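Shown next, in structure tokens, is the structure this report addresses.
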Amino acid sequence: MSAPTRPKRLTPRHIQAMKGSDPIVCLTAYTTPTARLLDPHCDLLLVGDSLGMVLYGMETTVGVTLEMMIAHGQAVMRGAGKACVVVDMPFGTYQESKEVAFRNAVRVLQETGCDAIKLEGGEEMAETVGFLSARGVPVLGHIGLMPQQVNTAGGYRSVGHSEQEGEKLRRDASAVGGAGAFAVVIEGTVEPLARELTGLIDVPTIGIGASSACDGQILVSDDMLGLFNEFTPRFVKRYDELGQRISRAAEEYATDVRSRRFPGPEHTFKPRS
Ligand code: KIV
């Protein structure tokens, strides 16, 4: 019997080995068609729980469920070819205990076929990161601004401005990086600190609003494509205005339908002669 062929996707190990070499290119993806479009250009695709706000119109990511993440993880896996696919663990599915985190993470891996999970948290989650990593669940850490903590943090604001915050972030990065995470997302963190954290830990840092000093970069795709217009954080560069383009296309379609210019003869079935 021949060994099953492994998919050619990059693995968490490949991503980890990219520390100090080429910048790691990451974007979020939530659907099959988007994953197909982004995959050739990315090293890592994140099925982020930002989908709650971006796709479902939620005010925060707190209401996102494991079932939603699994369904979108499956969709992205159908479109991913070479990028390492990571699925976010939503709020409430991993904080209670390392055992609960393990059970839910295993569901995500088994039901989606993705390569790794991501969870938010610093030193308080390091034991869980170690528990999962030691038991076959690759973990992408996430420190700095942690959107799932919006209710205790009182909003979204960049971090690392005070010496106290800096100390906490140093402890978080060392704890999560040292516990076995294969890489760590640093969100909304001032540049000198993000640079320092990148030098401090042995695994790659992936920045979002954490300057060019990180080993890789990630953005929410809908932000950088101009599809999500509720608000645009300072750290987002808009590479397109797809929202405006969709709106223009819909307007043109509506005009064509109302004036009976669409459908034309080329879109119309004729009886077979
Ligand atoms: O949910 C998400 O999209 C994320 C990225 C912003 C890193 O966590």
Side-chain angles (χ1 to χ4, degrees), residues 12 15 23-31 34-35 38 42-66 68-73 75-76 80 83-95 105 108 112 114-122 125 129 139-150 153 155-159 172-173 176 181-189 194 197-198 203-211 214-225 227-228 230-238:
I15 302 295
I24 305 164
V25 180
C26 318
L27 282 171
T28 61
Y30 314 126
T31 65
T34 314
L38 303 180
C42 290
D43 301 310
L44 186 149
L45 291 177
L46 172 68
V47 188
D49 64 350
S50 51
L51 62 78
M53 299 167 78
V54 171
L55 290 190
Y56 290 88
M58 295 175 170
E59 266 185 35
T60 72
T61 58
V62 171
V64 175
T65 64
L66 197 63
M68 289 163 78
M69 295 311 301
I70 289 172
H72 285 279
V76 168
C84 178
V85 178
V86 180
V87 175
D88 243 340
M89 298 295 290
F91 182 65
T93 63
Y94 61 92
Q95 293 94 339
V108 171
T112 69
C114 73
D115 304 291
I117 59 93
K118 174 166 86 59
L119 54 82
E120 294 181 12
M125 291 309 303
V129 172
V139 178
L140 175 60
H142 183 152
I143 63 169
L145 191 167
M146 293 184 271
Q148 291 180 11
Q149 300 198 4
V150 60
Y156 303 105
R157 60 166 201 94
S158 56
V159 296
D172 286 346
V176 173
F182 71 87
V184 180
V185 169
I186 303 181
E187 180 164 357
T189 300
L197 300 179
T198 299
V203 297
T205 57
I206 297 172
I208 172 160
S211 87
C214 294
D215 296 299
Q217 297 294 327
I218 186 162
L219 282 177
V220 170
S221 301
D222 297 61
D223 281 341
M224 71 94 162
L225 294 172
L227 274 169
F228 183 70
E230 300 308 302
F231 58 88
T232 304
R234 172 195 161 89
F235 55 77
V236 171
K237 177 173 173 185
R238 295 269 208 145

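Numbering of ligands and ligand atoms starts at 1, following listing order. Here the structure is a predicted model, which means the values were calculated and not measured. Counting begins at 1 with the first residue of the sequence.
- Applying the 4.0 Å criterion to heavy atoms of Asp88 picks out, from ligand 1, the atoms 1 (O), 2 (C), 8 (O).
- Proximity to Asp49 (heavy-atom distance under 4.0 Å) selects the following atoms of ligand 1: 1 (O).
- Checked by atom type and distance alone, the side chain of Gln149 never pairs as donor or acceptor with a backbone atom of Gly155 at under 3.5 Å.
- Nearest non-hydrogen protein atom to atom 3 (O) of ligand 1 is Ser50 OG, 2.5 Å.
- For the side-chain contact (heavy atoms from CB on, under 4.5 Å) with Val25, the lone residue among Asp43, Ile218, Ile206, Leu38 that qualifies is Asp43.
- In this structure, the protein non-hydrogen atom closest to atom 4 (C) of ligand 1 is Leu46 CD2, 3.6 Å.
- Counting only distance, with no hydrogens or angles, the side chain of His142 and the backbone of Val185 share no donor-acceptor pair below 3.5 Å.
- Between the side chain of Tyr94 and the backbone N or O of Glu120 there is at least one donor-acceptor pair closer than 3.5 Å.
- On a distance-only criterion, Thr28 and ligand 1 share no N/O pair closer than 3.5 Å.
- Looking at Lys118 next to ligand 1, an N or O pair under 3.5 Å apart turns up.
- A donor-acceptor contact shorter than 3.5 Å links the side chain of Thr28 to the backbone of Ser221.
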Test side chain to side chain contact (heavy atoms under 4.5 Å, CB included) applied to Cys26 and Leu46, step by step: CA-CA 7 Å; Cys26 318; Leu46 172 68; over 6 Å; no

Criterion side chain to side chain contact (heavy atoms under 4.5 Å, CB included) on Ile15 and Phe182, from CA distance to verdict: CA-CA 7 Å; Ile15 302 295; Phe182 71 87; 4.0 Å; yes

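- Each of the following atoms of ligand 1 lies closer than 4.0 Å to a heavy atom of His142: 8 (O).
- Ranking the protein heavy atoms by distance from atom 6 (C) of ligand 1 puts Ile208 CD1, 3.5 Å first.
- When each atom of ligand 1 is checked for a heavy atom of Gly48 under 4.0 Å away, the hits are 1 (O), 2 (C), 3 (O).
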